[in-house]
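Report on the following structure.
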Amino acid sequence: MFSFHTKNIYLADLLDDFYDIHCHLLPGVDDGSPDREHSLRLLERMQGMGVKGLYMTPHIIHGAYDNRGEEELRQRFADFGYQGPLDIRLGAEYFIDDKFPEHLEGNPLTMNCRHVLVEFSINGYSLRAFDMLFEATLSGYEIILAHPERYAFVQANGKDKVINLIKQYKLQLNLLSLAGYHGSGAKKYAEQMLRQGLYTFVGTDTHSNAYLDALQRARISKKVFDAVNVLKENNRTLF
Ligand SMILES: [Fe+2]
């Protein structure tokens, strides 16, 4: 345990009693953990860092990864058959493309019934994408936009209309954005949006040991620690 008065605070300290809503630990389905053994080691390591539960959120990107959507992912999750102490569930990180509405019309991988984690392309977005998100909310889904601080269109437009557009949705901070892991622009906007109280949720987006190493290396201020710490309660409501 750390003391605010005598020791540095690290991003990893936020994993104490943490419920993660974003990570890529279902083996062999995306750019995250490649196999079962790797996943089990990562899960054990996260447990050792204080994590209590997590949603595995594999990318669902049409044509990009060797997974064919929800039913295959559900089967693979069942086959993974985790029996350890963590509360592990299956969600997904949906890429907003033309196939997204079809996923929602089927049997999507949600968190706490109606919450759907989504991502845009890092480099671009379209108004059609926002139309799809709006239509999803009309269908009763709660949209959680992953790591808004990472998107070029957010960084380019700063405080104005794009922020107003995305803040209609629940926003999820990537912890490592605060360490500059996703670039200096993401760090700047993560800090700014955190100060502005724009985030509802927080995730690690863990793909590999390198992510956990970086969380253990990155020092943060008490102010940042406190601001992120309150988001952890929101994460918990999704379990
Ligand atoms: Fe992700």
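Atoms within a ligand are numbered from 1 in the order they appear, just like the ligands themselves.
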Parallel, tilted or perpendicular: rings of Tyr151 and Phe120 (30°, 60°): perpendicular

The Fe ion (ligand 1): protein N, O or S atoms that are less than 2.8 Å away, sorted by chain: His22 NE2, His24 NE2, Glu93 OE1, Asp205 OD1

Among Leu104, Ile96, Ile143, Asp97, the one residue meeting side-chain contact (heavy atoms from CB on, under 4.5 Å) with Met132: Ile96

Identified side-chain contact (heavy atoms from CB on, under 4.5 Å) counterpart of Tyr55 within the set His22, His115, Met111, Glu93: Met111

Charged tip of Arg114 within 45° of Tyr141 ring normal and under 6.0 Å: yes

Cation-pi geometry met for Arg36 and Phe80 (6.0 Å, 45°): yes

Please report, to 0.1 Å, the donor-acceptor pairs under 3.5 Å made by any side chain of residues 83-92, with sequence neighbours excluded.
from	atom 1	to	atom 2	distance (Å)
Asp87	OD1	Arg89	NE	3.0
Asp87	OD2	Arg89	NH2	3.0

